Student: 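So that we are looking at the same thing, I have put the structure below in structure tokens.
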Amino acid sequence: MINRFHAGLVNRPLRELSPIEFEVVDFDSAREGWATPRGAVTPTATPQPSAPIQNWEERRHSPTTDEVVPTAEALLWFAKLPEPIRPQHLLQAFPRVLNRIAAHWAQRAECLSVLEDLLIDRRGTRSGFAAPVAEEIARLRDYRVLER
């Protein structure tokens with residue numbers, strides 16, 4: 001429920017508030033009014049069909065978009081890790097995630113928070129990563145907990 005405080009009216013007495021003016025309309029009129037800004041002229045020609053909706057997966061992985069690559073800092077961080085800890089699958093499949101982990105590695109609490117967020121979905125379910133990637137992230141978390 002919205003009270004006077006939430007509405008930004010906390011300092012205004014109720015007697016100063018005027019009623020909200022409105023006009024009763026049917027759904028079609030409301031839809032037209034919503035689609036057309038006030039003062040705009042409604043076109044008389046037949047509207048052109050919109051572009052077809054693209055598949056997000058195709059667009060996300062299309063060669064026309066800029067491919068994400070590991071940053072120089074992330075590659076340096078990766079090289080400094082002990083061989084058994086290095087996340088090879090993460091490097092190949094999710095360079096953006098690798099960049100994020102490397103950027104937060106120096107701040108222990110932030111890094112552990114990032115790693116936990118990657119392992120446990122915000123909805124409380126397990127990670128959406130494939131098993132090898134999830135295992136690498138878990139190894140990184142365990143290593144970061146023990147590292148001084």
Side-chain angles (χ1 to χ4, degrees), residues 1-12 17 20 22-23 25-148:
M1 176 162 64
I2 297 178
N3 59 26
R4 290 175 49 216
F5 179 77
H6 289 108
L9 307 171
V10 70
N11 295 326
R12 294 179 63 190
L17 300 176
I20 298 172
F22 67 95
E23 176 184 349
V25 295
D26 62 353
F27 284 113
D28 292 331
S29 299
R31 219 175 269 123
E32 288 174 16
W34 183 260
T36 308
R38 290 184 186 211
V41 178
T42 307
T44 56
T46 307
Q48 297 295 326
S50 60
I53 298 173
Q54 294 178 349
N55 181 348
W56 175 248
E57 284 295 317
E58 290 173 4
R59 184 171 177 208
R60 190 173 129 223
H61 296 293
S62 73
T64 59
T65 59
D66 294 331
E67 293 293 326
V68 177
V69 295
T71 62
E73 293 82 15
L75 291 174
L76 182 61
W77 165 81
F78 182 86
K80 289 180 181 179
L81 288 172
E83 185 72 31
I85 305 299
R86 290 183 188 159
Q88 298 288 338
H89 296 288
L90 193 64
L91 174 68
Q92 296 299 320
F94 301 101
R96 180 178 288 140
V97 175
L98 185 86
N99 291 341
R100 183 173 174 214
I101 294 170
H104 290 91
W105 192 260
Q107 298 84 23
R108 182 186 193 96
E110 289 178 29
C111 180
L112 290 173
S113 175
V114 167
L115 292 168
E116 286 296 326
D117 282 347
L118 292 170
L119 288 172
I120 298 177
D121 193 325
R122 286 188 174 89
R123 297 168 294 194
T125 59
R126 278 190 39 78
S127 167
F129 292 109
V133 176
E135 289 169 6
E136 287 180 345
I137 294 171
R139 270 198 312 270
L140 285 171
R141 181 200 54 204
D142 296 343
Y143 179 74
R144 189 63 181 115
V145 166
L146 297 175
E147 185 187 45
R148 291 280 171 202

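Note that the structure is a prediction, hence the values are computed from the model and not measured.
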Student: Sub-3.5 Å donor-acceptor pair from the side chain of Glu73 to the main-chain atoms of Ala103, do we have one?
Tutor: no
Student: Does any N or O in the side chain of Asn99 come within less than 3.5 Å of the main-chain N or O of Phe94, such that one atom is a donor and the other an acceptor?
Tutor: no
Student: To the closest 0.5 Å, what do you measure between CG (Asp117) and CD1 (Ile137)?
Tutor: 11.0 Å
Student: If we ignore hydrogens and angles and just use 3.5 Å, is the side chain of Arg141 paired with the main-chain N or O of Leu112 as donor and acceptor?
Tutor: no
Student: Could you grab the distance from atom CG of Leu119 to atom CD of Glu135, nearest 0.5 Å is fine?
Tutor: 11.0 Å
Student: Would you say that Cys111 contacts Leu140 through its side chain, given a criterion of any heavy-atom pair below 4.5 Å between the two side chains?
Tutor: no
Student: Whether the side chain of Arg139 engages the backbone of Ile85 through a donor-acceptor N/O pair (distance < 3.5 Å, no angle test) should be reported.
Tutor: no
Student: Do Glu147 and Trp105 make a side-chain contact, defined as non-hydrogen atoms from C-beta onward lying under 4.5 Å apart?
Tutor: yes
Student: Ignoring hydrogens, what is the shortest heavy-atom contact between Ala74 and Ala102? Give both atom names and the distance.
Tutor: CA-CB, 3.6 Å
Student: For the residue pair Leu75 and Leu91, establish whether any side-chain heavy-atom pair is separated by less than 4.5 Å.
Tutor: yes
Student: Distance check, rounded to the nearest 0.5 Å: Leu98 atom CG versus Gln92 atom CD?
Tutor: 10.0 Å
Student: Which pair of heavy atoms, one from Phe78 and one from Arg86, lies closest together, and at what distance?
Tutor: O-NE, 3.3 Å
Student: Tell me, do Val133 and Val97 make a side-chain contact under 4.5 Å, heavy atoms counted?
Tutor: no
Student: Can you measure from OH (Tyr143) to CD (Glu136) and round to the nearest 0.5 angstrom?
Tutor: 15.0 Å
